[in-house]
Chemist: 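Quick one: the structure is below, questions incoming.
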2 protein chains.
Amino acid sequence: MNQSPWQPIRPEKPARPVREPLSRERIVDAAMSLLVEQGYEAVSMRKVAQALNTGPASLYAHVANKKELDQLLVDRAAQDLEFPEADPEHWQEQLKDGMRSMLKVMRSYPGVARAAIGQVPLGERALESTEHFLAILKAGKVPDQAAAWAVDLIPLYVTATAFEESVQRAWEWTEDDITRFVGELREFFQGLPAEKFPFTVALAAALTAGGSGDERFEFGIQVIVAGLASMAEK
Amino acid sequence: MNQSPWQPIRPEKPARPVREPLSRERIVDAAMSLLVEQGYEAVSMRKVAQALNTGPASLYAHVANKKELDQLLVDRAAQDLEFPEADPEHWQEQLKDGMRSMLKVMRSYPGVARAAIGQVPLGERALESTEHFLAILKAGKVPDQAAAWAVDLIPLYVTATAFEESVQRAWEWTEDDITRFVGELREFFQGLPAEKFPFTVALAAALTAGGSGDERFEFGIQVIVAGLASMAEK
DNA sequence: ACCTGAACACCGTTCAAGT
DNA sequence: ACCTGAACACCGTTCAAGT
């Protein structure tokens with residue numbers, strides 16, 4: 001206002017792009033948003049770059065490649081894991097709670113299961129999760145080697161469950177579609193030739209029960225925990 | 001030779017491409033070869049078409065899309081499954097044998113596990129496999145609902161194991177690389193702060209044992225079978 | 001040191017046009 | 001009915017060139 005208009009103005013580079021510089025942090029943030037909003041398939045180097053208003057090549061100064069970005073996403077998701085204090089009296093129930101919590105986190109980041117499968121969990125939070133599962137297993141007197149392999153089996157089962165769900169979710173079926181599909185499936189099983197498929201026909205109803213996934217998952221963790229309990233000492 | 005050279009010759013279209021016509025069968029054959037020789041990533045519509053000396057668009061007259069081709073590949077692999085006659089006396093060992101056979105087939109078709117995950121197994125051979133597992137489980141007096149969910153859990157575990165292996169194989173590590181990595185991993189675990197990670201440090205050796213995968217898989221099927229046995233009636 | 005545009009070698013799928 | 005070429009809208013990664 002009070003600046004005389006004919007005074008020469010040095011326009012302090014107004015066109016300069018004051019964009020925040022790129023960083024691993026910002027890249028993971030952007031990738032995580034894409035993952036949550038649009039699933040794993042949407043997390044491409046190009047789309048992440050676009051979300052950050054830059055080109056795909058720019059990401060490679062901060063992230064080695066797509067695989068490393070996947071690992072960073074798994075680490076980020078692992079931060080949401082929660083574990084109660086280990087309680088030796090109820091180690092079996094605690095093991096189940098840990099697995100339920102793990103599935104919950106993976107469900108809240110659809111697609112992270114695909115990135116997690118086959119990864120050795122070495123992030124800080126992943127290590128804490130391993131430590132916690134070991135503590136629970138040892139409280140239950142599970143032998144060392146069995147406990148060690150169990151902390152491999154447990155994430156494998158939970159991740160596989162979450163991955164399977166995410167694959168099926170990618171087909172974009174509605175609740176109705178699923179109900180109809182399950183019904184048709186039951187009829188298909190029932191209609192099979194009984195001489196050749198006696199058990200499949202007889203158990204058609206049981207085979208198609210628990211479509212939502214929760215009951216099947218509960219069954220799975222019950223089998224695993226009971227199996228581990230059978231190996232416990234004393 | 002004995003044909004007079006100035007006689008008008010109708011050259012019966014020698015340039016006509018006598019190529020065998022496309023068919024589902026031939027497409028699956030070509031895709032399976034690619035899968036076996038170069039892994040799942042190599043099975044693209046374009047590469048399959050190229051192997052058949054045609055363009056990608058030609059495949060769509062016989063196969064709806066890539067997903068359907070994946071299903072056909074799983075069906076094809078399932079034909080290699082073998083099951084012994086069900087023997088009630090040794091149902092637990094038979095269950096394990098069935099799982100071992102399943103893993104063996106999946107290992108011989110690297111990449112088929114990725115195509116199989118999340119699929120409801122409805123091919124003829126897949127149905128026979130379900131029927132056979134049900135027969136073994138019922139011979140072991142596992143309740144109906146548990147048996148039904150078990151035939152979901154079993155393929156999930158085997159497929160996840162095979163998929164995990166195929167992901168790791170895709171990194172193209174040599175035997176030496178793996179040995180070195182496992183050694184470094186053990187040292188890494190041992191070097192963690194013992195106040196924060198007491199069990200991880202103490203069990204470092206056990207955590208890194210059985211890198212080949214066979215021992216880990218044997219442990220997994222032992223846990224699952226023991227868990228199912230704990231649910232058996234009587 | 002960090003960022004960029006352009007290029008390379010790929011994808012799955014569609015469609016109008018041919019036979 | 002079956003097949004084709006060409007196109008569309010994508011991939012991950014590399015590299016020389018800029019600042």
Side-chain angles (χ1 to χ4, degrees), chain A residues 12-32 34-35 37-74 111 114-115 118-119 167 170-172, chain B residues 12-32 34-35 37-74 111 114-115 118-119 167 170-172:
Chain A
E12 54 212 40
K13 296 189 197 166
R16 170 173 154 241
V18 207
R19 305 214 309 255
E20 216 170 323
L22 281 179
S23 65
R24 278 182 155 239
E25 182 87 5
R26 291 191 63 221
I27 290 171
V28 176
D29 284 346
M32 205 66 190
L34 279 169
L35 183 78
E37 283 154 29
Q38 302 177 49
Y40 179 75
E41 301 72 34
V43 185
S44 66
M45 298 299 270
R46 301 177 104 96
K47 290 225 188 85
V48 172
Q50 201 179 27
L52 293 164
N53 281 312
T54 183
S58 304
L59 306 182
Y60 287 84
H62 304 271
V63 161
N65 48 36
K66 179 78 199 311
K67 201 177 106 190
E68 189 178 274
L69 180 55
D70 280 355
Q71 281 171 337
L72 293 171
L73 287 171
V74 176
R114 171 60 189 88
Q119 273 189 39
V167 168
W171 303 0
E172 288 175 355
Chain B
E12 54 212 37
K13 296 187 195 164
R16 170 172 153 241
V18 206
R19 304 213 311 253
E20 216 169 324
L22 281 179
S23 65
R24 277 181 155 240
E25 182 88 4
R26 290 190 64 221
I27 290 171
V28 176
D29 284 346
M32 205 66 190
L34 278 170
L35 184 78
E37 283 154 30
Q38 303 177 48
Y40 179 75
E41 301 72 34
V43 185
S44 65
M45 299 298 271
R46 302 178 104 98
K47 291 226 188 83
V48 171
Q50 201 178 28
L52 293 164
N53 281 311
T54 184
S58 304
L59 306 182
Y60 287 84
H62 305 271
V63 162
N65 49 34
K66 179 75 198 314
K67 200 176 106 191
E68 188 178 275
L69 180 55
D70 280 356
Q71 281 172 336
L72 293 172
L73 287 171
V74 176
R114 171 60 190 88
Q119 273 188 41
V167 168
W171 303 359
E172 288 175 354

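The shown structure was predicted, so the numbers you read here are calculated from the model rather than taken from an experiment.
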Chemist: Tell me: CG of B:Leu59 to C1' of D:dT4, nearest whole Å?
Modeler: 12 Å
Chemist: Kindly indicate whether the side chain of B:Asp70, heavy atoms from C-beta on, has any atom under 4.5 Å from the side chain of B:Arg114.
Modeler: no
Chemist: Rounded to the nearest angstrom, tell me the gap between atom OH in A:Tyr60 and atom P in D:dT14.
Modeler: 7 Å
Chemist: With a 4.0 Å cut-off, would you call B:Glu68 and B:Arg24 a salt bridge?
Modeler: yes
Chemist: Do the side-chain N or O atoms of B:Ser58 get closer than 4.0 angstrom to the phosphate oxygens (OP1, OP2) of D:dT4?
Modeler: yes
Chemist: May I ask you to evaluate whether A:His62 reaches the phosphate of C:dC3, defined as a side-chain N or O under 4.0 Å from OP1 or OP2?
Modeler: yes
Chemist: Strictly distance-based, threshold 3.5 Å: is any side-chain N or O of A:Lys47 a donor or acceptor partner for the main-chain N or O of A:Glu41?
Modeler: no
Chemist: Could you tell me how far apart A:Asn53 (CG) and C:dG5 (C1') are, to the nearest whole angstrom?
Modeler: 16 Å
Chemist: What does the list of N/O pairs under 3.5 Å between the protein and nucleotides 15-19 of chain C look like, with a distance for each?
Modeler:
none

Chemist: Once you apply the 3.5 Å cut-off to both distances, tell me the Watson-Crick or G-U wobble partner of D:dC10, or none.
Modeler: none
Chemist: What integer distance in Å separates B:Leu52:CG from D:dC3:P?
Modeler: 11 Å
Chemist: For nucleotides 7-11 of chain C, tabulate all protein N/O to nucleotide N/O atom pairs closer than 3.5 Å, reporting atom names and distance.
Modeler:
unit_1, atom_1, unit_2, atom_2, d
C:dC11, OP1, B:Ser44, OG, 3.1
C:dC11, OP1, B:Lys47, NZ, 2.7
C:dC11, N4, B:Arg46, NH1, 3.4
C:dC11, N4, B:Arg46, NH2, 3.4

Chemist: Look through every strand shown and name the nucleotide pairing with D:dT4 as Watson-Crick or G-U wobble, where both distances are under 3.5 Å.
Modeler: C:dA16
Chemist: Using whole Å, what does the distance between atom P of nucleotide C:dT14 and atom NZ of B:Lys66 come to?
Modeler: 15 Å
Chemist: I need the CD-C1' distance between B:Glu68 and C:dG12, as an integer number of Å.
Modeler: 15 Å
Chemist: Just to verify, what does B:Asn65 make a side chain to side chain donor-acceptor pair (under 3.5 Å) with, not counting sequence neighbours?
Modeler: none
Chemist: Expressed in angstrom and rounded to an integer, what is the separation of B:Gln50 atom CD from D:dC3 atom C1'?
Modeler: 17 Å
